[in-house]
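In each ligand, atom 1 is the first atom listed, and ligand 1 is the first ligand listed.
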Amino acid sequence: MRYLSTRGHPDRRRFCEILLEGLAPDGGLYLPERYPQVDAATLERWRKLPYAELAFEVLSLYIDDIPPADLRALCAKTYTEEVFGTEDIVPLRELEDGVYLEALSNGPTLAFKDMAMQLLGNLFEYELARRGEELNILGATSGDTGSAAEYAMRGKKGVRVFMTSPDGRMSPFQQAQMFSLQDPNIHNLAIEGVFDDCQDIVKAVSNDLEFKRKYKIGTVNSINWARLLAQVVYYFAGYFQATGSNDQKVSFAVPSGNFGNVCAGHVARMMGLPIHQLVVATNENDVLDEFFRTGVYRVRGAADTHETSSPSMDISKASNFERFVFDLLGRDAAKARALFEGELGQSGRFDLSADPVFAGASARFGFVSSRSTHADRIATIRDTDKRFATLIDTHTADGLKAAREHLTPGVPMIVLETALPIKFAASIVEALGHEPDRPARFVGIESLPKRVTRLPKDVDAVKRYISQHCD
Ligand SMILES: *Cc1c(COP(=O)(O)O)cnc(C)c1O
């Protein structure tokens, strides 16, 4: 299997070459040259597999530069009951007739990003050891991504994490999750500024090519193909749990921000998994809902990006969206480039409403969408608690609301649960008047010793810190 860039760069790369990279050299995103097809006999065989084995089967269709025995061992080491809380890894439960919740957030940081990040940690460690290299991951977080990255990379040989976050602006629980890590390869940098300042610093450091090369700076952002690939697996696992045979179809409702999660669903569907619809659920930051309703993709400015009660979906542009648009355009890289580099770069928007391909977004690729507000989330959380004695978080509530707007009789609807309620306790208190239960391992984490360095909003201060901690 070779990988190409959505913007038409002539190089074709192998999996391990793109594993440690971000964007392709021409600014595009990597995609496999073709989607391997999974036939009925293969689905039948996969149906009975434990999660780690299923992960190995899916991954091995895309990864041919890691020996199968090693890849199988990496999957087995990643997807364990010990790390993900249950033997099923992503257990499915029926909420009401035909509507299911697939639990993706029982990993170490209680959000679905663990599903991919835990594998990435093991892949990085493996590949770096094989090359005899080291990597320093520099990131910016306002919550979920940073903690998922730190829990995935803690104690990993050859990897250090430098994670910037806006000082004092994460929830006490999120701060405690990250800052209580005592592993020497994990560095928390609290920047005296807001999240955008952290992101600007990361960009500035990464743009200093000499520094970047010297200190082997890398990232783990959501455009990483390996992360997306790891997420494809749970679409298969959800499908098998919701159906009794492979002639049935299901739909998925996916709380969406950067379009990584639902893009994995698109990949699963392209492989032949019988998915009827992919429901893209957004909050008030409705860039994606707008596109699927109108054909206009319009990136938002800072003033137009709302802080909501489902904050992990608060995006101004969807960084993985180009992958889907590339497929929508019939894999026409010149056209993708004209849209994402040309039109989007110049005017912050592009418009496919008059292009015949746009109708295919729903008809051919199964995409539909919905938008929720804070009031919707609170109402959905309250209703789900009252009628089903089930507590869901704000992001999952966005997914459930969207799911109900797109039910098809006879087609099971699987809502992806992307975080546990404890991570967003304030909204639970608002909806129900009490705090959510806390998993035993998180009781009292706010009072654990914290390991964090406060730094000014200054690129050189961050560079100095990195250079002093890289030996
Ligand atoms: C990251 C995240 C999302 C959005 O996922 P994308 O892959 O960016 O679309 C949704 N919910 C939670 C809880 C998240 O952490």
Note: R269 and L278 closest approach over all heavy atoms is CD-CD1, 4.1 Å
query = Hey, does S256 come in under 3.5 Å of ligand 1, counting only N/O atoms on both sides?
reply = no
Student check: side-chain heavy atoms of Y239 and K249 closer than 4.5 Å: no
Per-atom filter on ligand 1: closer than 4.0 angstrom to a heavy atom of M313 are 10 (C)
Out of P255, A419, G260, G257, the nearest non-hydrogen contact to atom 10 (C) of ligand 1 is supplied by P255
When distances are taken from atom 7 (O) of ligand 1, the protein heavy atom at minimum range is N261 N, 2.9 Å
Kindly indicate whether a cation-pi arrangement holds for R160 with F162, taking the cut-offs as under 6.0 Å to the six-membered ring centre and within 45° of the axis.
no
Q | Residue pair V280 / V368, side-chain heavy-atom distance below 4.5 Å | A | no
Between Q177 and Y151, the two heavy atoms sitting closest are O-OH, 2.6 Å
Near K113 (heavy-atom distance under 4.0 Å), the atoms of ligand 1 are 1 (C), 2 (C), 3 (C), 14 (C), 15 (O)
A student checking ligand 1 against T418 at a 4.0 Å heavy-atom cut-off should list atoms 10 (C), 11 (N), 12 (C), 13 (C)
query: How about L4 and F326: do any of their side-chain heavy atoms sit closer than 4.5 Å?
result: yes
* May I ask you to test the T141-M178 pair for a side-chain heavy-atom distance under 4.5 Å? => yes
- Task: Report yes or no: is the cationic atom of R371 (NZ for Lys, CZ for Arg) closer than 6.0 Å to the six-membered ring centre of F291, at no more than 45° off its axis?
- Result: no
With nothing but distance in play, are any N or O atoms of N258 less than 3.5 Å from an N or O of ligand 1? yes
| said: If I apply the N/O under 3.5 Å rule, does D393 come out as touching ligand 1? | reply: no
Note: F259, heavy atoms under 4.0 Å from ligand 1, region reported as backbone
Original post:
Do any heavy atoms of S222 fall under 4.0 Å from ligand 1?
Top reply: no
With heavy atoms and a 4.0 Å threshold, my read on which part of K423 contacts ligand 1 is neither
